[in-house]
Amino acid sequence: MESWYSFTWLRVSVPLTFLLPLLVVVVWTKVRNSATKRRPPGPTGWPVIGNMFDLGATPHQDLYKLRFKYGPVIWLKFGSVNTMVIQSPKAAAELFKNHDSTFCDRKVTEVMRSCSYNQGSLALSKYGPYWRIIRRLCSSELLVSKRVNSTAALREKCVQNMTRWIEDDSKASRASGGSGEVQISRFLLLMSFNVVGNLMLSRDLLEPQSDKGREFLDAMEMVMEFSVKPNVADFLPFLKWMDPMGIKRNMEHHMGRALKIVAEFVTERVQQKKHAGTEKVNKDFLDVLLEYDGDGKEGPHNISERNVTIIILEMFFAGSETTSSTIEWAMVELLCNPDSMRKVKEEINSIIGLDQKVEEKNMDELPYLQAVVKETLRLHPPVPLLVPRDATKDSNYMGYEIPKNTQVLVNAWAIGRDAESWDDPLSFKPERFLGKNIEYYGQHFELIPFGSGRRICVGFALGERVVHLALATLIQSFDWEVSNARSPEIADMTERMGITLRKLVPLKAIPTKRNSTQGKIELIVDGKKYNIRVEEEGTFRKIASSSPSIVFEMEAEKLDEDLDRKHDSIERDSDDLKAGIEREKEDQHSHVPIVALKTDEETNENLIPLAANEHIQPYGACICSGGSDSIQNTTLSSKSKQEHELQSPIVDDCPSLDLVSEDPLINYVEFKRRSPINLSEILYSLMNTITLREALGKKKEDQGTLKLLLKEVVDARGDGHKDRREAIKIGEGKGSEDLLDVLLRVQENGELEFPFTTENVKAIILVVVSMSTLASIKIGEWKTIRIIQAVEKFVKANLVKVLKYSLLT
Ligand code: HEM
């Protein structure tokens with residue numbers, strides 16, 4: 001009996017072993033096909049697990065590839081979860097414009113249920129009264145433009161702190177023998193955390209050295225890491241109770257830590273409120289949440305302390321990495337595209353300059369910077385698939401039947417690369433936005449880094465301000481360089497998917513502080529020190545008029561820093577080289593005083609030809625020309641002359657400065673390659689080149705040394721300018737007069753009210769020339785300060801170029 005039974009069982013079970021799985025596949029495929037009749041196209045999945053293995057570590061990229069095969073709307077199944085993916089601007093427009101209310105719920109993953117987080121969260125809450133209340137509070141009290149504007153100073157403070165940390169970190173690296181390289185993302189994250197901390201809780205949460213801050217950051221980073229780990233329990237719900245991958249257990253631990261820290265702040269504030277006598281004037285978001293007592297229409301009527309804690313924590317999640325990763329990507333792209341970096345730098349230089357801090361109110365004047373941010377968000381949206389939506393009901397979308405509870409992913413990353421919307425979509429070209437009205441506020445569906453519709457990012461006004469401000473400040477404050485060894489990894493755009501999309505290998509670059517011209521001038525009047533801006537001519541004139549002598553010194557800080565860098569970069573084992581550079585630094589440190597003495601005009605001692613070592617020289621009424629066109633002012637009476645000076649157009653920048661090529665310097669550096677460079681020599685030569693051109697109209701080929709110049713001046717009435725003056729006289733050379741021509745004309749015509757000798761002419765020319773050598777400048781015409789300034793700016797700009805050149809070759 002038993003053997004019959006065994007035999008029969010064997011006869012039945014063997015075919016069943018093979019047939020049953022086949023049957024399951026056939027039935028499952030049939031059921032799926034019938035159910036997906038009017039579903040969007042997509043790759044066929046496996047039984048039970050569906051398309052779980054079709055996506056890897058960067059799902060937005062895998063989905064983008066599927067678009068080429070299946071089109072812009074794709075259907076996938078992850079275990080039991082139906083998923084629709086939107087990958088074109090047109091499909092996104094259809095979704096957000098015509099179906100937003102159907103798809104405005106959120107799909108909540110199992111891990112985000114840890115510590116009941118989803119119940120207090122704004123970003124994950126169901127579309128309903130709780131979401132509406134919190135969203136309204138966020139919009140009106142925290143993130144609406146007017147409110148954001150009123151907190152600009154807080155953000156500017158956080159961004160300035162960041163530049164200080166970067167500078168300190170770089171200095172520390174240099175001091176310990178490193179290259180001065182910093183990992184920018186670290187400071188960006190701290191900065192953006194503090195921005196959120198200041199708005200939510202009125203405090204800086206993080207200082208690089210703070211233990212409490214580090215603990216919070218660490219807990220947050222773990223939460224962010226676990227929140228995006230693929231979890232099999234999401235797709236196979238029957239496994240939820242097991243938490244087979246341990247993700248939820250870990251999340252409970254780290255989320256618990258983060259919530260505990262925020263809860264301490266909340267409790268502290270609740271206690272303060274209990275004991276505070278008067279109403280607080282400047283309320284932060286925590287006050288607003290705690291004081292909420294209903295809107296008289298729909299619930300809830302207050303927000304529990306637990307939910308307040310969750311909402312505050314969420315703002316840190318949502319507002320910190322998103323902004324910091326965007327800025328990091330922008331810096332990466334700019335460093336890989338030097339032309340764009342140059343343009344954005346030039347724009348900042350010309351609109352804000354180096355002397356003024358970047359402020360949020362400047363942003364409207366920086367269209368190229370704005371274009372850089374848009375281009376960065378197009379190519380690197382920090383939340384590439386937006387935050388997953390969930391269908392609230394069955395619907396018909398673009399002719400497809402989409403069942404309730406379908407998860408909807410909008411691939412903003414793929415949309416930013418859509419070839420129908422963007423020319424050359426994979427290249428970084430901020431210019432594509434110039435003069436175009438393409439914004440990222442959810443109305444132009446080819447650019448939706450903040451999402452769109454009802455669930456569009458509630459913090460975009462804040463996010464965009466932080467990104468622009470911090471990026472502009474980083475560019476204004478530092479020159480950024482990438483070491484040769486790092487170049488390949490900077491250009492490697494491989495991504496890492498966390499809570500936001502980051503660069504796999506974080507950006508490391510070397511910052512060199514850019515110094516402003518302001519504060520570089522120390523003015524010493526009768527033993528008193530003043531720090532003045534060169535531009536503040538009024539101040540300058542005021543002090544000057546009350547004092548017979550003015551001494552100001554050019555600080556050599558900038559040169560010092562360049563030398564420090566050079567010191568670090570040149571072969572480190574060569575003591576001779578180091579010693580040479582140290583000597584150079586010493587030289588640069590011994591500031592050369594620039595002296596001006598304003599004498600009584602009546603005295604009019606005429607001009608004393610300059611003696612090389614004297615620091616103070618009297619000057620007479622005839623020295624008032626910083627440029628050829630104003631020499632006639634000398635004929636004016638003292639009062640009207642002063643008035644005229646106040647009104648007269650400043651000798652703006654010397655127009656010919658930009659014609660002076662830096663080639664001689666490059667040649668010089670080339671010649672001196674790998675040996676210490678005498679910077680004073682370079683400066684001296686460049687300054688002479690520039691001012692000789694300005695004073696004598698000399699082209700660079702026929703400029704000689706100072707010796708030749710002296711000969712020319714001594715021979716001022718002689719051949720050098722004879723032909724020119726003849727031509728000018730008969731009207732041919734009008735407009736091409738240089739300073740010497742003008743002086744000679746004035747002299748010949750006897751236009752002045754006092755004797756104007758050849759000695760005077762020589763002295764004026766020498767004044768202008770010697771002024772530019774940074775040695776014993778003797779001059780009494782304030783306009784010439786503009787020339788000094790222009791020359792100095794020019795030299796610095798070129799010096800950096802020259803040094804860079806020498807380091808790179
Ligand atoms: C560059 C900066 C930022 C980017 C790119 C960004 C991006 C996004 C995206 C794509 C969404 C989902 C939108 C959707 O589903 O359609 C979102 C939602 C959200 N963002 Fe942002 N965000 C940024 C900054 C911020 C900041 C600074 C905050 C607040 C401090 C913030 C708070 C939120 C919140 C609370 C949500 C959920 C909104 C809801 O579900 O109603 N974000 N963000």
Side-chain angles (χ1 to χ4, degrees), residues 55-64 106-107 109 111-112 117 121-124 143 183-196 206 216-230 251 254-255 258 313-333 373-389 409-417 440 447-452 455-460 462-468 470-471 492-507:
L55 305 188
T58 45
H60 55 284
Q61 292 189 18
D62 301 321
L63 291 167
Y64 172 64
R106 294 289 194 204
K107 198 67 158 179
T109 55
V111 74
M112 294 315 285
Y117 176 87
S121 155
L122 166 70
L124 300 180
L143 304 167
Q183 182 174 326
I184 301 175
S185 55
R186 206 178 130 226
F187 299 104
L188 288 171
L189 189 64
L190 295 184
M191 177 275 294
S192 48
F193 249 69
N194 279 346
V195 166
V196 178
L206 302 175
F216 184 50
L217 189 65
D218 181 59
M220 290 285 289
E221 279 178 339
M222 296 312 287
V223 170
M224 294 195 231
E225 191 182 318
F226 281 102
S227 65
V228 291
K229 274 200 189 304
M251 183 61 136
H254 297 297
M255 178 79 87
L313 183 64
E314 180 154 286
M315 294 300 160
F316 283 98
F317 281 142
S320 50
E321 255 212 25
T322 42
T323 44
S324 63
S325 69
T326 306
I327 305 165
E328 184 184 17
W329 278 116
M331 286 295 292
V332 169
E333 288 291 4
V373 172
K374 282 180 188 164
E375 184 68 341
T376 304
L377 286 167
R378 179 182 74 82
L379 285 171
H380 309 285
V383 194
L385 296 173
L386 308 187
V387 182
R389 307 276 181 112
L409 306 176
V410 180
N411 194 345
W413 191 92
I415 289 173
R417 284 162 172 73
Y440 39 53
L447 186 68
I448 47 167
F450 294 100
S452 182
R455 302 299 290 245
I456 189 174
C457 171
V458 74
F460 70 76
L462 173 64
E464 74 159 342
R465 274 173 177 72
V466 178
V467 170
H468 285 94
L471 184 61
D492 176 1
M493 299 281 171
T494 310
E495 298 167 337
R496 176 172 64 91
M497 189 66 200
I499 200 160
T500 65
L501 192 62
R502 305 210 71 126
K503 191 169 180 302
L504 180 64
V505 186
L507 169 61

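The ring pair (Phe, Tyr, Trp, His ring centres under 6.0 Å) search around Phe226 returns His254, not counting sequence neighbours. With sequence neighbours excluded, no residue forms a side chain to side chain donor-acceptor pair (under 3.5 Å) with Lys503. Residues passing the side-chain contact (heavy atoms from CB on, under 4.5 Å) test with Ala414 are Tyr64, Gln87, Asn411, sequence neighbours excluded. In this view, Asp492 satisfies the salt bridge (Lys or Arg N to Asp or Glu O under 4.0 Å) rule with no residue, not counting sequence neighbours. For Glu314, the side chain to side chain donor-acceptor pair (under 3.5 Å) partners two or more places apart in sequence, or in a different chain, are Tyr117, Ser121. In terms of the side chain to side chain donor-acceptor pair (under 3.5 Å) criterion, residue partners of Glu328 (sequence neighbours excluded) are, by chain and number, Arg502. Arg106 is linked by a side-chain contact (heavy atoms from CB on, under 4.5 Å) to Val387, Arg389, Arg455, counting only residues two or more places apart in sequence or in another chain. Every residue two or more places apart in sequence or in another chain was checked for a side chain to side chain donor-acceptor pair (under 3.5 Å) with Glu225, and none qualifies. The side-chain contact (heavy atoms from CB on, under 4.5 Å) check on Thr376 picks up Thr326, Trp329, Ala330, Val372, His380, Phe428, with sequence neighbours excluded. Contacts of His60 classified as ring pair (Phe, Tyr, Trp, His ring centres under 6.0 Å), with partners at least two apart in sequence or in another chain: Trp413. Partners of Asp62 according to the side-chain contact (heavy atoms from CB on, under 4.5 Å) rule, which considers only residues two or more places apart in sequence or in another chain, are Leu55, Lys65.
The shortest side-chain heavy-atom distance between Pro449 and Arg378 does not fall under the 4.5 Å cut-off.
Thr500 places no side-chain N or O within donor-acceptor distance of the main-chain N or O of Pro382, the cut-off being under 3.5 Å.
To the nearest 0.5 Å, the span separating OG1 on Thr322 from CD1 on Ile499 amounts to 9.0 Å.
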